[in-house]
Amino acid sequence: MFTGLVQGMGKIISRSGGKLIIMPDVPLADMVYGESIAVNGCCLTLENHSGRELTFHTLEESLRRTNLGRLPVGSAVNLERALRLGDRLGGHIVQGHVDTAARVLECKKTADGDFKLAVALDPEFANLVVVKGGIAVDGVSLTVVEAERDFFSVRLIPVTLQETALRERTPGEYVNLEFDVVGRYILRMMEQRDDSAGKSSGITMETLLEAGFL
């Protein structure tokens, strides 16, 4: 379990034979064999930490579903260690289970001075993205500003641009997305309720948002 508050960055040193090697920009203290670390939001198990290099085994599913199989060697990635019981939950609940990798559409400063990141969205995931809802982009906890059927956008504050790998993403590149786990369960329950009743309940993500449940 993670929060989406990135604790540091690293670089991809190599990726071959099912092994992904990352070198953190700053050494991580008290590393433990087998611990979970989110790399660009993807929960991976630490297999080795010799010197400053971190070695993870990556399943083909992980490489296919995330941008860890697309980013070239030398690319920056976000790192977050697992949440400890009693830690502050400053972002939102992030499982490290990436749902999909999606293409960046825009990454630029807007006329009002904000920095906008717009990402393409497969319509099958549209019901999981709501305005003011949480979403993890490359493992970074962010708040949705725009939510359409085929794209969504967020705003990046200066700290996020300075301290995470999102500053390196450009249009055409892919970022990892994890949708809010609470929203996923609500959508699933709504679908099952509709199936059992044989008709729509009339409850939508929008009505739940308006009622204050999201």
Side-chain angles (χ1 to χ4, degrees), residues 1-12 20 22-26 28 36-44 54 56 58 62 65-71 74-84 87-110 113-122 125 128-147 151-184 214:
M1 194 70 70
F2 306 91
T3 68
L5 299 184
V6 171
Q7 296 168 331
M9 289 187 291
K11 288 186 178 180
I12 298 176
L20 177 68
I22 304 293
M23 179 176 287
D25 291 348
V26 177
L28 302 179
S36 296
I37 298 178
V39 181
N40 267 7
C42 179
C43 180
L44 299 177
L54 310 179
F56 306 91
T58 46
S62 298
R65 189 177 289 272
T66 75
N67 64 4
L68 296 180
R70 304 172 187 259
L71 293 172
S75 296
V77 292
N78 295 320
L79 302 174
E80 182 188 353
R81 301 177 75 175
L83 179 69
R84 293 178 298 186
D87 282 352
R88 290 186 176 90
L89 187 61
H92 71 280
I93 296 174
V94 178
Q95 294 181 299
H97 301 163
V98 173
D99 291 294
T100 188
R103 185 168 49 88
V104 173
L105 300 175
E106 286 184 295
C107 195
K108 66 178 184 180
K109 196 169 187 178
T110 61
D114 290 340
F115 201 91
K116 175 182 179 180
L117 174 66
V119 179
L121 184 65
D122 190 316
F125 298 120
L128 292 170
V129 182
V130 296
V131 172
K132 297 185 181 179
I135 191 167
V137 181
D138 271 356
V140 182
S141 175
L142 298 169
T143 301
V144 176
V145 174
E146 298 174 287
F151 84 94
F152 73 92
S153 73
V154 295
R155 299 296 186 270
L156 306 181
I157 63 175
V159 170
T160 303
L161 286 171
Q162 181 178 345
E163 302 294 338
T164 77
L166 289 180
R167 68 188 184 197
E168 296 195 3
R169 302 298 176 250
T170 58
E173 292 187 330
Y174 282 76
V175 289
N176 294 331
L177 304 180
E178 181 185 329
F179 305 110
D180 181 59
V181 63
V182 177
R184 286 206 298 261
L214 298 176

T160 side chain near F115 side chain, heavy-atom distance below 4.5 Å: no
CG-CE distance between D87 and M1, expressed to the nearest 0.5 angstrom: 13.0 Å
Result of checking N67, D99, N40 against N176 for side-chain hydrogen bond (donor to acceptor under 3.5 Å, both in side chains): N67
Separation between NE2 of H97 and OG of S62, rounded to the nearest 0.5 Å: 9.5 Å
Non-hydrogen atoms of L121 and V129 that approach each other most closely: CD2-CG2, 3.9 Å
Spacing of CZ belonging to R70 relative to CZ belonging to R103, to within rounding of 0.5 Å: 11.0 Å
A165 backbone acceptor or donor facing N78 side chain under 3.5 Å: yes
Note, R155 side chain near K116 side chain (heavy atom, < 4.5 Å): yes
Taking every non-hydrogen atom, the tightest pair across E173 and R169: OE1-CA, 3.2 Å
From CG (L161) to NZ (K109), nearest 0.5 Å: 9.5 Å
Contact summary for I135 and V154, nearest pair of heavy atoms: CG2-CG1, 4.2 Å
Nearest atoms (heavy-atom pairs only) where E163 meets M9: O-CG, 3.7 Å
Heavy-atom pair of closest approach, residues E146 and S153: OE1-OG, 2.5 Å
Value rounded to 0.5 Å, distance of OG1 in T170 from NZ in K108: 14.5 Å
Partner of F125 under ring pair (Phe, Tyr, Trp, His ring centres under 6.0 Å), chosen from F151, F179, F152: F179
Residue from D138, L79, V77, V6 passing side chain to side chain contact (heavy atoms under 4.5 Å, CB included) with T164: V6
Candidate pair L177 and V137, rule side-chain contact (heavy atoms from CB on, under 4.5 Å), full reasoning: CA-CA 5 Å; L177 304 180; V137 181; 4.0 Å; yes
Polar side chain donor-acceptor pair, E168 to S75, under 3.5 angstrom: no
Point-to-point distance, once rounded to the nearest 0.5 Å, from CG of L128 to CG of D122: 11.0 Å
Smallest separation among heavy atoms of C42 and T66, with atom names: SG-CG2, 4.1 Å
Residue pair L166, L156: steps toward the side-chain contact (heavy atoms from CB on, under 4.5 Å) verdict: CA-CA 9 Å; L166 289 180; L156 306 181; 4.1 Å; yes
Side chains of I22 and I12 in contact at under 4.5 Å (non-hydrogen atoms): yes
L44 and T58: CA distance, side-chain angles, deciding distance, side-chain contact (heavy atoms from CB on, under 4.5 Å) verdict: CA-CA 7 Å; L44 299 177; T58 46; 4.2 Å; yes
Derivation and outcome, side-chain hydrogen bond (donor to acceptor under 3.5 Å, both in side chains), residues T3 and E80: CA-CA 8 Å; T3 68; E80 182 188 353; 3.1 Å; yes
Step-by-step side-chain contact (heavy atoms from CB on, under 4.5 Å) determination, L54 to L28: CA-CA 10 Å; L54 310 179; L28 302 179; 4.0 Å; yes
